[in-house]
Every structure is written in structure tokens, then in C-alpha cells.
Amino acid sequence: MKHLIDPTDLSRQETDDIVALAQDIIANRAKYSEACKGKKLATLFYEPSTRTRLSFTSAMMELGGNVLGFSDANSSSVSKGETVEDTVRVVGCFADIIAMRHHIEGAPLAATNVSRVPIINAGDGSHAHPTQTLTDLLTITRELGHLDNLTIGFCGDLRFGRTVHSLIKAMSRYEGTKVVLIAPDELRLPDYIKHDVCDRNGIEYREVSSIEEVIGELDVLYMTRVQKERFLDEEEFDRVKDCFVLDAEKMALAKRDMAVLHPLPRVNEILKEVDADPRAAYFRQVENGKFVRMALIYRLLEWASDSSKQNKGHDVVESADLVCPNRKCICNNENVDAKFHLAEGGVYRCLYCDTKAK
């Protein structure tokens, strides 16, 4: 049985297969209308979501399956203190596959410890969002026709943006990928992503402080919100915020076929005047999310009975001398054994959240 917790849980071949399957679903909707008839998807959303939850629901319904679950943890036994593992044990009695979003990092991975059905990580804290990554890959493929030899600019909150981290991991597998990091100092990409993903895979990257200086060389501009609440000094936020707002003037400097992506919701980082530009792909991106989740659900259910389809594990270390310092990690919030793996450079990282161990 295979789960999707991190983009790297899928091989390059499996990723390409799911993207190709999504394209076939788009071209042949009727062919898949009863592909999951009699199957049930449980959506366990421990934090608010509009696009992702409705996308999963719509995806399963279009495959002919049924959906159950909760969109508010306070309306479930979680409010009584039930753990993630126990909830998954229970829900696995009723569903064939589970999609989970959780504010605690590593919660979906902890769920795989006990689950007897496939688990899909629909976002865990600021850690990972692999189905958004599949959505992004499908969108780039449909907009530009390929995934190799692309220069991608990531703009906004690169420190806490799980969609950014996940897409960089995925794109590191494609030949000729170049990354441009556009962010204020407070929100720069974490060093472990630069070293463990970019350096390790030979991905060329550089950091800049404004969109204008690089937009002309980008094939894809991936926008995210610059979050005011991340700044200790409001004056500092006011000083940098306009450097990371996309408008028609900046778009005039871009390639004619550049694609603008955004995981949404947006606030003020893309002005409405950009919406009419044919290069603005972010609302098409939303619809692509439904199709790629249809493909993922279909494949994971198919692979559930294939003993050759397993998640590749790390060499796990359990040691009382190692501690995960991340207060938002599942191992510091529920009765889950802390586990670590040896990462690049001889550094131990938490298995659940990738935080450097102390």
C-alpha cells in the first residue's frame, strides 16, 4: 500500500504517470465517471480549507465514489481528545482512502503508522502540500507543454510556504531546472531546502529582492502572500511589501508565454488587473487541482492491493539524546515516538517535520 505524504513519496515515473492520467481524465471525463463506484473517501480537515477540501470532494464525486468526514475538528471526537492515530483507526473502518489536512506538522505521516487505507497529505502546517504540487506540475505542463529546462521564480513567503517547499522538491527531479527566490530577508527559503534539495540535486538558484530584476527571464512565476504577521516591525513590512506585488507594469517585462501560478487565496500580492492577462493561470490551476486529485485517488486505490507499491522509508533513528525542537510537530503534541533520520551533511532531522534535531 502506498501513501502520499511528501512529493518524494512518488517516483519521477509515478509523478509523470499521475500527471498524464489527469490529462487523460480531462480529455475523457465520461470514461472515468464510475471508476471509483462503491468506494469512499474520508476528508479529515483539522483546519479550515475551501479549495483543497472541495477539490477532493468534487474529485471523488466525479469518479463515482462517495465522500464522508469532517471539515471542522471541533465537530468530531477530536474535541474530546482523540488522537490522530485513533481517529484514523476508526475512520479506516468506514473509508477506502483518507485525505487529511492538519495544522500540526507530521500528523499525516503519524497516521500512516496505523492506517489500513491509503493516506493523502492535504497539507500539514508549513511542512508539505503534495497534492498542490501535483496540481502545479499539471498546470505547468498544460501551460508550457513540458517540465524540463524551466526557470521558476518563487515570490513572497518562502520560509513558511509549504507549497513552495513541495514544488521545489518535485522540480529538483527535472533536468535543467533553475530557481529564483524572490523574498524579503524575513521570509527567505529555509537553509535546509537550499542545501538538502537544491545543492544535493544540483539545482541552480539565486536570491533577489524584487520581481522586476528577474521577471524577464522566468518561465513560471509562482506567487505567494507576503504575510504581515511574520514581521516584528510594521514599518519594515510597509517598506518591502510593494516589491512583492504583481501588477500590469511588471507583467509587461515578462515573457509572452510566462505562466503565473498562485496556490490561493490571494490578498493583495496580485492585483486584479493581472487577472485578464492570458498568462494568469491561477484560476485554471484551481480546476487542474480537481483533475489531478481524481488521478491520484484512482491510482492510490489501484495500488492499495499491489504489494510492490510501498513508500520508501528512511533509516530511522530513535534516541533519547535527540529532540525535535519544533513545537508544531506531531511528536511534541501527541503521544507519538520521536523518530529521526540522517540527512545530507550528517545532520539528524525529525522524520515527521524535517526540523534539525537538537
Side-chain angles (χ1 to χ4, degrees), residues 2-11 15 46-47 84-85 100-113 119-134 136 154 157-173 177 179 181 183 186-203 205 207 222 224 227 230 263 311-334 336-358:
K2 198 172 187 73
H3 309 281
L4 179 60
I5 306 302
D6 184 89
T8 57
D9 288 331
L10 298 174
S11 67
T15 300
Y46 289 74
E47 65 176 1
V84 166
E85 290 187 350
M100 176 187 293
R101 167 166 287 188
H102 208 294
H103 58 284
I104 298 297
E105 296 172 19
L109 180 58
T112 67
N113 293 335
I119 299 289
I120 301 172
N121 180 5
D124 61 328
S126 61
H127 180 227
H129 197 351
T131 65
Q132 180 64 52
T133 301
L134 290 171
D136 300 339
F154 293 92
D157 182 1
L158 312 189
R159 181 180 179 187
F160 299 100
R162 60 191 175 194
T163 59
V164 171
H165 303 169
S166 291
L167 185 54
I168 291 175
K169 283 184 180 180
M171 289 303 301
S172 71
R173 297 174 163 185
T177 297
V179 171
L181 306 168
E186 293 85 349
L187 299 176
R188 288 187 181 272
L189 191 73
D191 287 341
Y192 83 90
I193 298 288
K194 297 176 195 173
H195 301 322
D196 292 0
V197 180
C198 294
D199 291 342
R200 183 178 183 182
N201 292 284
I203 300 301
Y205 69 91
E207 296 178 293
Y222 197 96
T224 65
Q227 301 177 70
R230 303 297 188 188
N311 289 64
K312 293 182 179 179
H314 293 285
D315 291 330
V316 177
V317 176
E318 296 185 52
S319 172
D321 296 328
L322 296 174
V323 176
C324 175
N326 182 6
R327 294 181 180 179
K328 295 182 179 180
C329 180
I330 189 70
C331 70
N332 291 321
N333 285 271
E334 293 193 3
V336 174
D337 292 335
K339 297 179 181 180
F340 304 88
H341 66 96
L342 188 60
E344 192 76 8
V347 174
Y348 285 101
R349 295 194 176 278
C350 175
L351 187 68
Y352 298 101
C353 70
D354 280 328
T355 300
K356 183 179 177 181
K358 289 186 176 179

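The model shown is predicted, which means the values in this text are computed figures rather than measured ones.
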Apply side-chain contact (heavy atoms from CB on, under 4.5 Å) to Leu351 and Val316, showing your working. CA-CA 8 Å; Leu351 187 68; Val316 177; 4.0 Å; yes

Verify the distance criterion only: is there a donor paired with an acceptor across the side chains of Asp199 and His195 at less than 3.5 Å? yes

By side-chain hydrogen bond (donor to acceptor under 3.5 Å, both in side chains), which residues pair with Thr131, not counting sequence neighbours? Arg293

If I take atom CG from residue Asp6 and atom NE2 from residue His127, how far apart are they, to the nearest 0.5 angstrom? 6.0 Å

By side-chain hydrogen bond (donor to acceptor under 3.5 Å, both in side chains), His341 pairs with (sequence neighbours left out) none

Hits for side chain to side chain contact (heavy atoms under 4.5 Å, CB included) against Leu322, two or more places apart or cross-chain, chain-then-number order -> Val317, Ser319, Phe340, Tyr348, Ala357

CG-NE2 distance between Leu10 and His3, expressed to the nearest 0.5 angstrom: 12.5 Å

Listed partners of His165 passing ring pair (Phe, Tyr, Trp, His ring centres under 6.0 Å), at least two apart: none

So, the side chain of Thr177 versus the backbone of Ser172: is there a donor-acceptor pair under 3.5 Å, distance only? no

Do the non-hydrogen side-chain atoms of Glu105 and Tyr352 ever get within less than 4.5 Å of each other? no

Could you tell me which residues satisfy salt bridge (Lys or Arg N to Asp or Glu O under 4.0 Å) with Arg200, sequence neighbours excluded, listed by chain and number? Glu344

Before giving the answer on side-chain contact (heavy atoms from CB on, under 4.5 Å), spell out for Glu207 and Arg188 the whole-Å C-alpha distance, their side-chain angles and the decisive distance to 0.1 Å. CA-CA 8 Å; Glu207 296 178 293; Arg188 288 187 181 272; 3.0 Å; yes

I'd like to check the side-chain hydrogen bond (donor to acceptor under 3.5 Å, both in side chains) partners of Asp136; sequence neighbours left out, ordered by chain and number. Gln132, Tyr222, Gln285

Over all atoms of both residues, closest heavy-atom pair of Cys331 and Cys324: SG-CB, 3.7 Å

Side chains of Ile193 and Ile168, heavy atoms from C-beta outward: is any pair under 4.5 Å? yes

For His129, does its backbone N or O pair with a side-chain atom of Ser166 as donor and acceptor, under 3.5 Å? yes

Checking the side chain of Asn121 only, and the main-chain atoms of Ile5 only, is there a donor and an acceptor separated by less than 3.5 Å? yes

Rounded to the nearest 0.5 Å, how far does CG of Leu189 lie from CZ of Phe160? 12.0 Å

Applying salt bridge (Lys or Arg N to Asp or Glu O under 4.0 Å), can you list everything that pairs with Arg173, at least two apart in sequence or on another chain? none

Applying salt bridge (Lys or Arg N to Asp or Glu O under 4.0 Å) as the test, list every pair that has at least one member in residues 345-358; sequence neighbours left out. Lys169-Asp354, Asp196-Arg349

Roughly how far, to the nearest 0.5 Å, is CD of Glu47 from CD1 of Ile104? 9.5 Å

List the steps, then state whether side-chain contact (heavy atoms from CB on, under 4.5 Å) holds for Tyr192 with Thr355. CA-CA 9 Å; Tyr192 83 90; Thr355 300; over 6 Å; no

Taking the side chain as everything from C-beta on, heavy atoms only, tell me whether Asp124 gets closer than 4.5 Å to Arg101. no

Could you tell me if the side chain of Asn311 sits less than 4.5 Å from the side chain of Thr112, heavy atoms only? no

Results of ring pair (Phe, Tyr, Trp, His ring centres under 6.0 Å) for His103 - residues two or more places apart only: none

Sequence neighbours excluded, which residues qualify as salt bridge (Lys or Arg N to Asp or Glu O under 4.0 Å) partners of Glu334? none

Apply salt bridge (Lys or Arg N to Asp or Glu O under 4.0 Å) to Asp321 and list each qualifying residue two or more places apart in sequence or on a separate chain. none

Do the non-hydrogen side-chain atoms of Lys312 and Lys2 ever get within less than 4.5 Å of each other? no

Do Leu109 and Ile330 have side chains that approach each other closer than 4.5 Å (heavy atoms only, starting at C-beta)? no

Report the residues that fulfil side chain to side chain contact (heavy atoms under 4.5 Å, CB included) with Ala183, sequence neighbours left out, ordered by chain and then residue number. Leu158

Counting only N and O atoms by type, is there a donor-acceptor contact under 3.5 Å from the side chain of Asn326 to the main-chain atoms of Cys353? no

Dump the intermediate steps for side-chain contact (heavy atoms from CB on, under 4.5 Å) on Leu181 and Tyr205, then the final yes or no. CA-CA 7 Å; Leu181 306 168; Tyr205 69 91; 3.9 Å; yes

Are any of the side-chain heavy atoms of Tyr46 and Val84 separated by less than 4.5 Å? yes

For the pair Asn332 (side chain) and Lys328 (backbone), establish whether a donor and an acceptor sit closer than 3.5 Å, ignoring hydrogens and angles. no

